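See below for the structure under consideration.
Computed from a predicted structure; not experimentally measured. Residue numbers begin at 1 in each chain, while the letters A, B, ... track the order of the sequences.
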Number of protein chains: 2
Amino acid sequence: MTTSTAGARPDEVRRHNRTAVLRRLHVGGPCTRAALATELGLNRSTIKALVDGLASIGLVVEKLPAQRSGAGRPSLLVLPQPHAAVVLAVDVRVEQVAIAMVGIGGEILGRHSWNLHGKARRPDEVLTHIVESSRLLADELSVDMVGVGVSVPGVVRRSDGLVHEAPNLHWTDVPLGDRLSAVFRLPVQVGNDAELGALAEHVRGAARTASDIVYISADVGVGGGVISDGAPLRGAGGYIGEIGHMVVRPDGRACYCGCQGCWETEVGEAALCRAMALPEGSPRGALVAELRSLASHPDSVAHRLGEFMDWLALGLVNVVNMLAPELVVLGDLFTALPAQVVERVSAIVRERSLVSRAVGGTRVVSSPLGRDAKLVGAAELAFEPILDNV
Amino acid sequence: MTTSTAGARPDEVRRHNRTAVLRRLHVGGPCTRAALATELGLNRSTIKALVDGLASIGLVVEKLPAQRSGAGRPSLLVLPQPHAAVVLAVDVRVEQVAIAMVGIGGEILGRHSWNLHGKARRPDEVLTHIVESSRLLADELSVDMVGVGVSVPGVVRRSDGLVHEAPNLHWTDVPLGDRLSAVFRLPVQVGNDAELGALAEHVRGAARTASDIVYISADVGVGGGVISDGAPLRGAGGYIGEIGHMVVRPDGRACYCGCQGCWETEVGEAALCRAMALPEGSPRGALVAELRSLASHPDSVAHRLGEFMDWLALGLVNVVNMLAPELVVLGDLFTALPAQVVERVSAIVRERSLVSRAVGGTRVVSSPLGRDAKLVGAAELAFEPILDNV
């Protein structure tokens, strides 16, 4: 069901088709015209006109493939031209900011990052540093940016990029989108980090062939991004949910959000530090090293992480029962967990979740994109309006 | 972002527009051609051709309005013709089945219901009774059915209407959709009851102007249906989540699903019977009467329903934090709760949910459709393919 009542006009159809071709090349890589026609269900003359149009503005070129296959004349390949449309991707984390210039087709053309401590975490400081660093990087690479995508660990309003609350950064109501677009004079998209992790896994990671997934982001806080039927799930006002603030343990620790026993308080970075007998606030590197060391001591996993696994599994069962995904991707800090932890919680989910049984067994996997997921997702977010309005 | 790569052809555009016109009339009621043109963003000649086409197959007529407004010649109204497209709506509940014939435009043309006890709850018996009763009802009303929609309290595969598990009916893997379509030789859509409740509230109930809502269904079990950005939220394989099996109380009562302390076990019918000091399995009427009697004893609400409200609110906070809806509609058995209970849990949600604060305060209301919600939703589900393929 949809109550959409909008009509479609011919010019919209043309734009839709041009976007479909460019999106196919951006996501799937080089491809022949014949394959484009088949995949998109359009006839060859339409594809020719669309490709010629994209080539005339430099977004694609047609080339002979480097390797010949078969005996006949090889077909020309249509290739996206990375430098023809470059976006700035920014991943604001609690401890660090990373930026990258990403060309159409998804290639990272250059990157830079810096740590955040104390005052450097203030919105003004972060903003200034982003602007200066990205201009330097763009000069270095001799590229022009056509759009900007930013990942922030907080509650973000999609329409204008207002960061309503990013508690671990101590940001409240920061008009990040408006301020960046005023400086850059470019379309700026700001998204929640977990949402962008989900987008990245869907476009270029573990979930490329899946259409219903949940990405769990574990940095200082815990968040979740959902792709439902191939598109990101957002709620009212474009806000996305905060899976980390699902209460899993009503008598658990107090959370800053006003609840007790949020998932974040039971399985976030601080909980992992407690489990590994490290002081809370230990450097991320120390925690990751401890977690990775468990891989060679499989017998101590249950002892160290038994309680952690219980709460991780309980939250995952709830997530799967509520959203019916086929795949859950554990991202960021959780990619440091020993494989046997992922296997164990995956087994619990399949065993206990009524909905996992219905959908044929939801898989739980570790993110292959690791720490780059949010940066990749921010780039994809920036490309959306570019692709839609080409 | 969408990775959709399909092209659009002119015949698809025409069908899309025809569907848009009919859907507008079906959902919003009679309307002038000029208003259709404005609302749908199509020009008048296109609207004329579309309306003429729909009139030629009898789905709409054009009439002078009964009441004249203004001095000029009144504009003709385009009206859907209820008898021109009639669907069978079926609401299978744990204790009762209700059926209705619903005409395009949403008018209930006739209805019938019967109770389910013991053997009558077996799939074969229910199926036979549905077929016989609906044929009788169609004869009585002199209508031809063009489609069928069925609401079932369980985990349903949307693609073919397989009821994977309807625990409170003791149904497992019942091919309800296939069997009904074999008998009726019509398109049959089967949906989860909570999903259809959400659909009904969205099209004709409390959520007509909202695009992000959660409908909570409380019958014997508890379920949830979600409308996200105007469309139903479904997961892998078309299954929807089972919000009632979110664990809210890890040390709570054992649930048949294999978990402990599911929301359903803490706030479902049995929990309400315990709260009201009625034996579990008391007749629904007795429970509803007890709940309604609290309205005149406001002082005893906290005493009777204090613990119930705590668990209802905790689950609602989780639902709002995960899905970021603007509105939560409490349906079915929950419509018997005293208004002060709804107000109290609504206040807790706004106070405790980080996400509710972000979206400007999620409202929690009681369903205006009450017991008819699933029947209305089943009719809308049946109309979907009819409207799409007109």
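Taking all atoms of both residues into account, the shortest heavy-atom contact from B:R352 to A:C259 is O-SG, 3.6 Å.
Between chain B and the options A:H164, A:H26, A:E326, heavy-atom pairs under 4.5 Å are most frequent for A:H164. Contact count versus chain A (heavy atoms, under 4.5 Å) is highest, among B:G258, B:C257, B:A210, B:A358, for B:A358. If you tally non-hydrogen atom pairs under 4.5 Å between each of B:V247, B:V155, B:V320 and chain A, the highest count goes to B:V247. Options B:V317, B:T362, B:L233 differ in how many heavy-atom pairs under 4.5 Å they form with chain A, and the most are formed by B:L233.
Remark: side-chain polar atoms of A:S228 are paired, donor with acceptor, to backbone N or O of B:R234 under 3.5 angstrom. At distances below 3.5 Å, not a single donor-acceptor pair connects side-chain atoms of B:S211 with backbone N or O atoms of A:A236.
Only the side chain of A:V355 comes within contact range of chain B, with heavy atoms under 4.5 Å apart. For chain A, the nearby parts of B:R357 are the backbone and the side chain; heavy atoms of each come within less than 4.5 Å. Looking at B:E165, the atoms closer than 4.5 Å to chain A (heavy atoms on both sides) all sit in the side chain, from C-beta outward. Looking at B:V359, the atoms closer than 4.5 Å to chain A (heavy atoms on both sides) sit in the backbone and in the side chain alike. Interface residue A:V248: only backbone heavy atoms are found under 4.5 Å from chain B.
Contacts with chain B (heavy atom to heavy atom, under 4.5 Å) involve these residues of residues 237-246 of chain A, listed by number: A:Y239, A:I240, A:G241, A:E242, A:I243, A:H245, A:M246.
Contacts of A:A313 classified as side chain to side chain contact (heavy atoms under 4.5 Å, CB included), with partners at least two apart in sequence or in another chain: A:V345, A:I348.
You'll find the side chain of B:M322 reaches within 4.5 Å of the side chain of A:L323, heavy atoms only. In this structure, A:P250 and B:P250 have side chains that are in contact, with non-hydrogen atoms separated by less than 4.5 Å.
The line from CG of A:L314 to CD of B:Q260 is 10.0 Å long, rounded to the nearest 0.5 Å.
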